[in-house]
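Protein chains get the first letters and strands the later ones, always in sequence-line order, with residue 1 at the start of each. Just so we're clear, the structure is a prediction, and the values are computed from it rather than from any experiment.
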Protein chains: 2
Amino acid sequence: MSNREDTKPDRISEAEYAVMEVLWDKSPLTAADVCDEVSKARGWSLATVKTLLGRLANKGAVETRPDGRRFLYSPIIARVEYVDGESRRLVDRLFGGRASSLFAHLAENEALSDKDISEIEALLQEIKQ
Amino acid sequence: MSNREDTKPDRISEAEYAVMEVLWDKSPLTAADVCDEVSKARGWSLATVKTLLGRLANKGAVETRPDGRRFLYSPIIARVEYVDGESRRLVDRLFGGRASSLFAHLAENEALSDKDISEIEALLQEIKQ
DNA sequence: TCTTAATGTTTACGTCCGTAATCGTAATGT
DNA sequence: ACATTACGATTACGGACGTAAACATTAAGA
């Protein structure tokens, strides 16, 4: 058994994330619907998708609501929550917890286009209002 | 066998990263020295450290230079290279490849302190020189 | 009613990871 | 010369992951 509402949440794996993405985009969905969607990107079998949905349910990441003889799946954790966790992990692990270091790194390594930079400038203005 | 100078580089795992960190800080080092250093943070046995060094050598992430009957280990891939790869992975996976989206996310979620923001402003000025 | 299709559950299996013990060999101390 | 030590290499082992087949159940069609 995985953890259930007391321990720290299990991490969502790469493959599981692909499933979450379709549920974040639209939910609730049946397993078959999720499979259809996710198969556009990865070419998984229905069996695989069902395994992933089951694991996500165990991890408390998705919720299952019975609909006749089948289930409708919906995300429990929000996308922003997940994205935030992952971002923070990266910043903590590689940049000593300093987000500005991440930013500096991106800037130095040409990872920021001119467009990125002007967008960020605009955001900064907004933040400081 | 892992990949050897033709395939895409194997990823460096979490535990392996801890070993790389000490080598990035100072190198070359013997396995025992790496163990001493890394044991400050994680409490690994020498055996574990040797396993990790071996795996890193196979992955082509560290280089071994014989020194008498033992090896001196040095990083092959640079820290900035690794950090850049990981950062890009995050941006690609979660932000559709747009670094400014990552920035926006951090800004919206209070992950940026006032200090972060002023540092970033300064960086922006510098970039645009 | 009997077969078939749909769906969740269980089991499978190779790989990677974290963590380490064991083995083989060579050096070093006595 | 022999025992001990220091290393690298090999093997181990449980858990997570990616990927999926097999199984059980139940609804629906013939």
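- Distance A:L29 CG to C:dT7 C1': 15 Å, rounded to the nearest Å.
- Taking 4.0 Å as the cut-off between side-chain N and carboxylate O, B:E86 and B:R11 count as a salt-bridged pair.
- Contact annotation for B:Y73: backbone-only contact, meaning every heavy-atom pair under 4.0 Å involves sugar-phosphate atoms and none involves a base.
- Dense packing is recorded around CG of A:D67, with more than 12 heavy atoms of other residues, nucleotides or ligands lying under 6.0 Å away.
- Distances were taken from every side-chain heavy atom of B:S13 (C-beta onward) to each of C:dG18, D:dG8, D:dG18; the shortest belongs to C:dG18.
- Within residues 39-54 of chain B, the residues that place at least one heavy atom under 4.0 Å from DNA chain D are, in residue-number order, B:K50.
- Rounded to an integer number of Å, the gap from A:L56 CG to D:dA16 C1' is 14 Å.
- Here the side chains of A:I120 and A:F103 are in contact, with some heavy-atom distance below 4.5 Å.
- Within the 3.5 Å criterion, the main-chain N or O of B:G97 finds no donor-acceptor partner in the side chain of B:S101.
- To the nearest angstrom, C1' of D:dT5 lies 13 Å from CZ of B:R70.
- In this structure, A:E16 atom CD and D:dG18 atom P are separated by 6 Å, rounded to whole Å.
- Electrostatic pairing of A:K26 and A:E37 does not count as a salt bridge here, judged by no charged N lying under 4.0 Å from a carboxylate O.
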- Item | Protein proximity profile, nucleotides 25-30 of chain C - base contact B, sugar-phosphate-only contact S, no contact -, cut-off 4.0 Å on heavy atoms | --S---
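- Counting distance only, with no hydrogens placed and no angle test, the side-chain atoms of A:R55 and the base atoms of D:dT19 include a donor-acceptor pair under 3.5 Å.
- Between B:S87 and B:V83, some side-chain heavy-atom pair lies under the 4.5 Å cut-off.
- Of the possible donor and acceptor atoms, one in the side chain of A:S39 sits under 3.5 Å from a partner among the backbone N and O of A:W44.
- Using cut-offs of 30° and 60° on the angle between ring planes, the pair B:Y82 and B:Y17 is parallel.
- D:dC7 atom C1' lies 15 Å from atom CG of B:D36, rounded to whole Å.
- When the side-chain nitrogen and oxygen atoms of B:K59 are compared with OP1 and OP2 of C:dC16, none of them lie within a distance under 4.0 Å.
- In this structure, A:D33 places its CG atom 13 Å from C1' of C:dT7, rounding to the nearest Å.
- Atom CD in A:E14 sits about 14 Å away from atom C1' in C:dC16, given to the nearest Å.
- In this entry the distance linking CG of A:N58 with P of D:dA16 reads 11 Å, nearest Å.
- Ion pairing between B:R89 and B:D92 fails under the 4.0 Å rule for side-chain N and carboxylate O.
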